[in-house]
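To keep things clear, I will list the structure first and then write my remarks on it.
If you're wondering where the values come from, they're calculated on a predicted model, not measured in any experiment. Side-chain atoms are counted along with the backbone in the values below, which use heavy atoms only and exclude waters and symmetry mates.
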Amino acid sequence: MQILVWVFEVLFISSLVGVFPLSLAETTSPGVCSEADRAALLAFKAKIVEDTTGILSSWIGRDCCGGAWEGVQCNPAGRVTTLALQGPVKDSSMYMKGTLSSSLGSLPFLQVLVISGMKLITGPIPDSFSKLTRLTQLVLEDNSLRGNIPSGLGLLSHLQTLSLAGNHLKGPVPPSLGNMRNLGMINLGRNSLSGPIPASLKNLHLLQSFDLSFNSLSGFIPEFIGQFRNITFIDLSNNQLSAHLPISMFNLVSLSYLSLSHNQLTGTIPEQVGNLKSLTSLSLSSNKFIGHIPASISRLQDLWSLNLSRNGFSDPLPDVSNRGIPSLLSIDLSFNNLSLGTVPKWITNRQLSDVNLAGCKLRGSLPRFTRPDSLSSIDLSNNFLTGSISTFFTKMTSLQKVKLSNNLLKFDLSELKVPDGISSIDLHSNQVCGSLSSILNNRTSSFLEVIDVSNNLISGTIPEFSEGLNLKELNIGSNKIAGQIPSSISNLIELERLDVSRNLITGTIPMSLGRLANLHWLDLSINRLTGRIPTSLLGIKFMRHASFRANRLCGEIPQGRPYNIFPASAYAHNLCLCGKPMLPCRGKKQETSQ
């Protein structure tokens with residue numbers, strides 16, 4: 001879903017300003033750089049104490065308008081009109097560190113100001129930015145900016161795009177932003193803003209994209225939102241908004257994307273939801289909605305993603321015909337007050353990619369899908385499904401994730417025939433038996449990243465691990481697995497989480513476990529392990545949780561962080577473990593924490 005949000009916003013910004021920074025160039029050859037503008041840019045550069053992007057290293061020489069200064073564009077008079085500096089958001093090694101200089105407010109001809117993805121630019125947004133009265137695009141997203149949003153930004157009457165997302169801004173949304181009557185996009189998401197949505201925003205009649213998600217906004221969704229006739233994108237998710245949905249919202253016939261998930265919204269979904277004829281994605285998950293899901297939802301011809309999970313919706317589901325919601329690809333009705341019994345045919349008979357019906361009181365055998373080849377993700381967990389799994393995955397050639405945990409499934413692991421491309425299997429808390437070697441062997445797919453078969457009836461031993469596996473999470477806890485942890489565990493070089501607790505495992509903890517550099521969660525508790533905790537574990541730098549409780553271990557606990565500062569309960573009920581955080585070893589003086 002987050003990828004979908006990103007696609008919507010990128011397409012919107014691109015439609016307004018082109019693709020940064022190359023397409024922002026003036027078609028007319030620029031003149032020689034204004035000395036005042038050059039000084040303002042150099043003052044900004046001086047406030048950046050570290051630049052691993054290398055962008056500012058190009059800012060040398062007298063002429064900032066000649067094309068050599070990366071991210072800078074000028075008009076024919078030599079005045080700077082564009083400053084567009086974009087860092088790669090997902091590359092943590094590429095950043096700028098410093099603060100925003102108020103000198104940028106001294107660029108009177110600036111129309112486009114983009115400083116995004118720089119990660120470590122901190123401090124406030126300078127009040128001087130309110131002097132940039134020609135500005136049409138202001139994008140300062142994915143930095144570390146702090147403080148309040150300056151109310152003076154409301155003076156930027158020509159602004160069409162405002163994005164301050166992905167910072168640490170706090171305080172209210174300034175009512176003065178309602179003065180930006182040319183605004184087509186506003187994105188203040190992923191900050192720490194609080195208070196209500198200001199009534200003054202009703203003046204933004206040209207608004208097409210409205211994103212205030214991932215803040216701490218409270219109050220209600222204002223009725224005036226129904227006046228945004230051109231709006232296509234609304235994301236108010238992950239806030240503390242309450243009360244009922246405003247009826248006016250369902251007059252927005254151009255609205256394509258609507259996410260109000262993770263709030264405290266109440267009431268029912270009105271029948272008027274069927275009026276949102278352009279809607280492609282609807283997410284109302286994790287609220288307090290009640291009542292029935294309205295039948296009018298079947299009129300949404302373009303809807304392909306529907307998420308109504310974690311509410312209080314009750315039976316019956318609407319009777320959707322074969323022609324209803326024809327574009328649907330993804331559906332999530334998990335954890336409501338639904339007692340479906342079986343999966344409705346209007347779901348099983350469709351060409352869907354994602355089906356999530358966790359906690360819907362499904363009973364009987366696993367469902368059969370008419371188009372299993374289209375499925376990429378299935379979650380039928382927390383139900384009362386019974387029987388075997390032997391034919392369930394037949395023809396599911398596109399399946400990547402399956403979650404069937406917390407059911408009553410009873411089968412041997414040798415019956416499990418999963419597609420080659422699957423990345424995550426969660427079967428925990430069933431009645432699965434057999435040996436791990438049925439799913440962990442030299443034929444195990446390199447695509448497989450997550451296996452959770454905990455809390456079952458699995459026996460046998462832990463098999464040897466071959467090279468080339470890309471497992472990130474292996475949870476085999478609460479079974480009847482015996483034998484030793486093989487030293488070949490070190491071949492799981494991508495492993496981040498390992499849980500073998502509550503089994504019958506014997507032998508020593510292999511030294512090779514210390515080679516798992518990415519491991520941050522380790523649970524070996526309640527087994528029959530003997531010997532010492534190997535000091536090789538000190539080589540794992542990012543361990544956040546480890547438990548060795550209730551084994552037969554002895555000797556000194558590795559005396560380095562984090563092992564010597566984990567709670568004593570992580571080592572309790574062993575034979576003779578000593579050293580911090582336990583009692584000192586005999587004849588050895590306890591030292592201070594390292």
Side-chain angles (χ1 to χ4, degrees), residues 334 343 355-369 372 375 377-396 399-445 447-465 469 471-486 489 492 495 497-505 521 523-527:
S334 302
V343 181
V355 175
N356 301 279
L357 298 173
C360 288
K361 296 184 176 63
L362 297 172
R363 301 177 185 276
S365 301
L366 289 164
R368 293 182 179 273
F369 293 90
L375 289 165
S377 175
I378 302 173
D379 184 356
L380 303 177
S381 62
N382 294 82
N383 283 293
F384 302 97
L385 297 169
T386 58
S388 179
I389 202 172
S390 57
T391 61
F392 181 64
F393 295 111
T394 304
K395 297 183 180 179
M396 290 188 182
L399 193 65
Q400 296 178 30
K401 295 182 179 181
V402 60
K403 189 171 184 179
L404 301 174
S405 56
N406 284 297
N407 277 287
L408 303 171
L409 298 171
K410 190 174 184 178
F411 62 92
D412 191 288
L413 281 176
S414 61
E415 301 175 39
L416 188 63
K417 309 296 182 186
V418 296
D420 290 338
I422 201 161
S423 65
S424 178
I425 303 171
D426 187 351
L427 300 171
H428 82 260
S429 303
N430 280 284
Q431 299 172 29
V432 181
C433 59
S435 171
L436 286 174
S437 58
S438 297
I439 56 173
L440 285 170
N441 49 55
N442 56 13
R443 298 183 303 278
T444 302
S445 170
F447 291 105
L448 191 58
E449 295 183 349
V450 176
I451 295 178
D452 189 346
V453 290
S454 60
N455 197 25
N456 278 289
L457 305 172
I458 297 168
S459 56
T461 61
I462 302 175
E464 296 288 338
F465 297 99
L469 293 178
L471 277 177
K472 293 183 177 179
E473 180 176 338
L474 177 60
N475 189 345
I476 58 175
S478 300
N479 280 288
K480 298 180 179 180
I481 299 166
Q484 302 186 13
I485 301 173
I489 190 90
L492 302 180
L495 200 64
R497 188 180 181 105
L498 175 63
D499 190 339
V500 300
S501 64
R502 299 177 184 273
N503 279 289
L504 307 171
I505 296 170
W521 179 286
D523 196 339
L524 306 179
S525 64
I526 316 179
N527 279 288

How far apart are the closest heavy atoms of [X] and [Y], and which atoms are they?
{"X": "S454", "Y": "N475", "value": "CB-OD1, 3.3 Å"}
{"X": "P463", "Y": "P486", "value": "O-CG, 3.4 Å"}
{"X": "S377", "Y": "L399", "value": "N-CD1, 3.9 Å"}
{"X": "T444", "Y": "I439", "value": "OG1-O, 2.8 Å"}
{"X": "F393", "Y": "K417", "value": "CB-O, 3.4 Å"}
{"X": "L427", "Y": "N456", "value": "O-ND2, 3.1 Å"}

Does a side-chain heavy-atom distance below 4.5 Å link [X] with [Y]?
{"X": "M396", "Y": "I422", "answer": "no"}
{"X": "L409", "Y": "F392", "answer": "no"}
{"X": "I485", "Y": "I462", "answer": "yes"}
{"X": "N479", "Y": "L436", "answer": "no"}

_Flag, side chain of N441 to backbone of R443, donor-acceptor distance under 3.5 Å_ = yes

*N430 side chain to V432 main-chain N or O, any donor-acceptor pair under 3.5 Å?*
no

Nearest 0.5 Å, what's the [atom1]-[atom2] distance between [X] and [Y]?
{"X": "I481", "Y": "L457", "atom1": "CD1", "atom2": "CG", "result": "11.0 Å"}
{"X": "L357", "Y": "L385", "atom1": "CG", "atom2": "CG", "result": "10.0 Å"}
{"X": "I526", "Y": "I505", "atom1": "CD1", "atom2": "CD1", "result": "12.0 Å"}
{"X": "L492", "Y": "L440", "atom1": "CG", "atom2": "CG", "result": "8.0 Å"}
{"X": "L408", "Y": "F384", "atom1": "CG", "atom2": "CZ", "result": "7.5 Å"}
{"X": "L498", "Y": "D523", "atom1": "CG", "atom2": "CG", "result": "8.5 Å"}

Taking side chain to side chain contact (heavy atoms under 4.5 Å, CB included) as the test, write out the residues that go with [X], two or more places apart.
{"X": "S445", "result": "F447"}
{"X": "S429", "result": "N406, N455"}
{"X": "E449", "result": "K472"}
{"X": "S388", "result": "S390, F411, E415"}

Not counting sequence neighbours, which residues clear side chain to side chain donor-acceptor pair (under 3.5 Å) with [X]? List them please.
{"X": "Q431", "result": "none"}
{"X": "N407", "result": "none"}
{"X": "S501", "result": "D499"}
{"X": "D426", "result": "H428"}

*Starting from the C-alpha separation in whole Å, work towards a yes-or-no answer on side chain to side chain contact (heavy atoms under 4.5 Å, CB included) for L448 and L469.*
CA-CA 8 Å; L448 191 58; L469 293 178; over 6 Å; no

*With a cut-off of 6.0 Å (strictly less than), are more than 12 heavy atoms of other residues, nucleotides or ligands near CG of D420?*
no

Scan the side chains in residues 360-367 for donor-acceptor partners under 3.5 Å anywhere in the protein, sequence neighbours excluded, and list what turns up.
none

